[in-house]
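Quantities reported herein were computed from a predicted structural model and do not represent experimental measurements. Sequence lines set the chain letters: A, B, ... in the order given, protein chains first and strands last, and positions in each chain run from 1. Keep in mind that the numbers below use all heavy atoms, side chains included, and drop hydrogens, waters and symmetry copies.
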Amino acid sequence: MKTTIQKIIITALKSARADGVLPSSDFPEVLIDTPKHESQGDYSTNIAMMAAANQKMPPGKIAQAIVARIKDDDGIFSDVQIAGPGFINFSLNPAAWYPILHRIHRQDRQYGASGEGNGCRVQVEFVSSNPTGPLHVGHGRGAAIGDSLANIMSFSGFDVQREYYINDSGRQIQTLGRSVFLRYLALHGREAAFPDDCYQGDYIATIAEAVKADKGESLLQVPEEDAIMYCARFATDQILRGIRDDLKLFGVEFDRWYSEQSLYDDGKVDQILEDLRTKGLVYKKDDASWFRTTAYGDEKDRVVIRKNGQTTYLASDIAYHHDKYLRGFDRVIDVWGADHHGYIPRMKAAVEATGQSPDQLDVILVRLVNLLRGGEPVAMSTRAGKFITLKDVIDEVGRDAARFIFLTRHHDSPLDFDLALASKKTNENPVYYVQYVHARIASILLKSRERKIDLSSIDEIDLACLSAKEEVTLMKRMAAFPETILRSAEQMAPHHVAFYLMDLAGAFHTYYNKHRILTDSTEKTRGRLYLVMAIQKVIRNGLTLLGVSAPERM
RNA sequence: GCGCCUGUAGCUCAGCUGGAUAGAGCAACGGACUUCUAAUCCGUAGGUCGCAGGUUCGAAUCCUGCCAGGCGUACCA
């Protein structure tokens, strides 16, 4: 609808220019807005004000010149007014909205999709939690955001790949192996001190038992180093399998799991460091190797190879990101916890130093989740190994509620997640508010079948009966779905879709309470069913993008 | 100290990249089930958009300086 009006305005502008009324043909972009107040019409544009400077004319005059030349061939406008400092406000006839309904039914699951991304290859990397323990709530938020964003961008015509980066190399894996081995020793009655820097959680002991079941006492006979190695690999596999299962339960599946260790095994880390050395971007100082990130605006250079010869996390990350672009991605989006924000400048530097534009990397910083139960903070300590896992949350509140709540806030805003509230089936819980719309409509459709209401050739019925205020509101809201998706993709912000759905749901519930769908009039009933079925499709499409189910009954 | 982020109704948050009279939900108060699901709806009340300047026709939104909070500031990840 917006683009339709936009075209009409551009035509009017050109015509005004041709008539010599406007001195310049250099027009700013015509933006169509939805005004806040109903008295200001359905849509508005500020083009007259925007053009004032260029045209050297007062906005009012420009607006008049435009309005006088508006060609409304399809008769969509009921009123066009100039208001305030130079806004042009458009009011639409109810009939102008009817094509939206047809479009929704025709496009069905594709309504809201676009080719905006032009097949641009995008990789979204998210979660990428270390395989040293189960996923917790914070990872859940990242998972929900990353997965939904991937859905939304894919729906918007981007060629999206989801990737999980496995940090299966380095010291923490060693520590993991040692932690498991120590618990394993304890299971064989060999008490040993369990250091603070080992992983404390109960899951370590569980894994140790699995090792025992698998290997019996045989690990006691091999050199400790080998035993720890074995435990490390065993534990990583096991934990990773758990992570995979939890994510699947959460509705998240990755296209690729990328191993950090493989970067070393394939020599990619050495290679990239050598390349950078040749370019003079990696140099030696104090027996360590430094990456010259200051050349790209970072506040200090960063170590890539430590004095002891071990590479840092950054080293493999340079190789990893370079590899992403080698694999053909035009854009890379990383979803990180906000506490890693200090890492962005050096990562951007890495991208630029390896031949890409820093704009090809976007980092979405996801803020902390505060876990509450009935308003009281839930004590969490990763150190002591006491924390609520993502799986706990899914088991307690359900996948739909969890995912939706994670998406009701901008990623840059901290999120209070109240377990008591999330499992409540009341109006305090927005997910049910939205899902209820889908279920209610399903129920109406069931009833309409019972009453043997003829839905054949419903596409051809006369929609003139849809003229109630609430009906027009609903059509208008539904017309805004595609642009909401687009904005969400552009801003990489899935929460817009959640807010949109709550808004549309509200409009439906209002309508439902005021008007009956199944009436005595066959015509009216068929028209309203057509409307309501469209709403159901939009709700379903939106929920699907968020990874939330659209139930037939509740 | 320096850097990044945040500050909007009592609470939790939106605010379409500068538009008109500031928007939801919750909480509070008052109403609506003989109806297609009350997991719903209707109404009332609630604001110096942290503070102070600046930019312009116009600022919650942009620039500067303060104030408050969070995070970061490793040869950890």
Validation: residues 343-351 of chain A side-chain donor-acceptor distances under 3.5 Å, sequence neighbours left out:
{"from": "A:Tyr343", "atom 1": "OH", "to": "A:Leu314", "atom 2": "N", "distance (Å)": "3.4"}
{"from": "A:Lys348", "atom 1": "NZ", "to": "A:Pro358", "atom 2": "O", "distance (Å)": "3.1"}
{"from": "A:Lys348", "atom 1": "NZ", "to": "A:Leu361", "atom 2": "O", "distance (Å)": "2.8"}

A:His438 NE2 to B:A39 P: how many Å, rounded?
18 Å
Once you round it to whole Å, what is the distance between C1' of B:C36 and CZ of A:Arg440?
9 Å
Does anything in residues 36-48 of chain A form a salt bridge (Lys or Arg N to Asp or Glu O under 4.0 Å)? List the pairs, not counting sequence neighbours.
A:Asp42-A:Lys476
Are A:Lys324 and A:Glu163 close enough for a salt bridge, meaning some N to O gap below 4.0 Å?
no
Length of the line joining A:Arg302:CZ and B:C76:P, which is rounded to integer Å:
13 Å
Walking RNA chain B from its 5' end, the first of A:Arg367 and A:Tyr432 to be reached, judged by nearest nucleotide, is A:Arg367
Taking atom C1' in both B:G10 and B:C63, compute the distance separating them and give it to the nearest angstrom.
33 Å
Set of residues satisfying salt bridge (Lys or Arg N to Asp or Glu O under 4.0 Å) with respect to A:Arg302, sequence neighbours excluded:
A:Asp298
Using atom P in both nucleotides, what's the gap between B:A24 and B:U6 to the nearest angstrom?
24 Å
Could you write nucleotides 12-31 of chain B as a row of B, S and -, 5' to 3', where a protein heavy atom under 4.0 Å of any base atom gives B, of only sugar-phosphate atoms gives S, and otherwise -?
SSSSB--BBB-S--S-----
Roughly how many Å is it from CD in A:Glu260 to C1' in B:A77, rounded to a whole number?
9 Å
Who are the ring pair (Phe, Tyr, Trp, His ring centres under 6.0 Å) partners of A:His410, not counting sequence neighbours?
A:His495
How should the glycosidic conformation of B:C33 be described, syn or anti, under the criterion that syn lies within 90° of 0?
syn
Is the base of B:U6 syn or anti, if syn means a glycosidic angle within 90° of 0?
anti
When you compare the side chains of A:Asp168 and A:Thr236, does any donor N or O come within less than 3.5 Å of an acceptor on the partner?
no
Select base, sugar-phosphate, or nothing to describe what A:Ala52 touches, counting heavy atoms under 4.0 Å on all strands.
nothing
P atom, B:A60 versus B:G19: distance in rounded Å?
10 Å
Please, which pairs that meet salt bridge (Lys or Arg N to Asp or Glu O under 4.0 Å) have at least one residue in residues 487-506 of chain A, sequence neighbours excluded?
A:Arg477-A:Asp503
Any side-chain donor-acceptor pair under 3.5 Å between A:Asn89 and A:Gln81?
no
Looking only at atom P, what distance separates B:C51 and B:A59, rounded to whole Å?
15 Å
Nearest-Å distance for atom pair NZ/C1', residues A:Lys447 and B:C36:
7 Å
Within the structure, does a side-chain N or O atom of A:Tyr313 lie under 4.0 Å from either OP1 or OP2 of B:C75?
no
C1'-based separation of B:U55 from B:G15 [nearest Å]
23 Å
Going by number, which of residues 335-347 of chain A have a non-hydrogen atom under 4.0 Å from RNA chain B?
A:Ala338, A:Asp339, A:His340, A:His341, A:Gly342, A:Tyr343
Backbone N or O of A:Ser549 within a donor-acceptor pair of the A:Gln435 side chain at under 3.5 Å?
yes
Residues forming a ring pair (Phe, Tyr, Trp, His ring centres under 6.0 Å) with A:Phe404, sequence neighbours excluded
none
Ring pair (Phe, Tyr, Trp, His ring centres under 6.0 Å) partners for A:Phe291, two or more places apart:
none
B:C57 versus B:U44 - spacing of their C1' atoms, nearest Å
37 Å
Identified stems (criterion: three or more consecutive Watson-Crick or G-U pairs, under 3.5 Å), RNA chain B
B:1-7 with B:67-73, B:10-13 with B:23-26, B:28-32 with B:40-44, B:50-54 with B:62-66
Under 4.0 Å between any heavy atoms, over every strand shown, what does A:Asp287 touch: base, sugar-phosphate, or nothing? Just pick one.
nothing
Would you tell me if any nitrogen or oxygen in the side chain of A:Arg306 comes within less than 4.0 Å of OP1 or OP2 on B:A77?
yes
Determine the interatomic distance between P on B:C5 and the same-named atom on B:C75; round to the nearest Å.
24 Å
Between A:Glu552 and A:Arg171, name the one whose nearest nucleotide on RNA chain B is closer to the 5' end.
A:Glu552
Under the 3.5 angstrom rule, does the side chain of A:Thr45 hit a backbone N or O of A:Ile88 as a donor-acceptor pair?
no
Rounded to whole Å, the CD1-C1' distance (A:Ile62 to B:C57) equals 12 Å
For A:Leu421 and B:A39, give me the distance from atom CG to atom C1', rounded to whole Å.
13 Å
Salt bridge (Lys or Arg N to Asp or Glu O under 4.0 Å): pairs with one or both residues in residues 436-450 of chain A, sequence neighbours excluded
none
Just how far, in rounded Å, is P of B:C41 from NE2 of A:His515?
15 Å
Between B:C2 and B:G54, how many Å separate the two P atoms, rounded to a whole number?
26 Å
A:Phe417: partners by ring pair (Phe, Tyr, Trp, His ring centres under 6.0 Å), with sequence neighbours left out
A:Phe406
Listed nucleotide nearest any side-chain atom of A:Lys425, set B:C75, B:C41, B:A39
B:A39
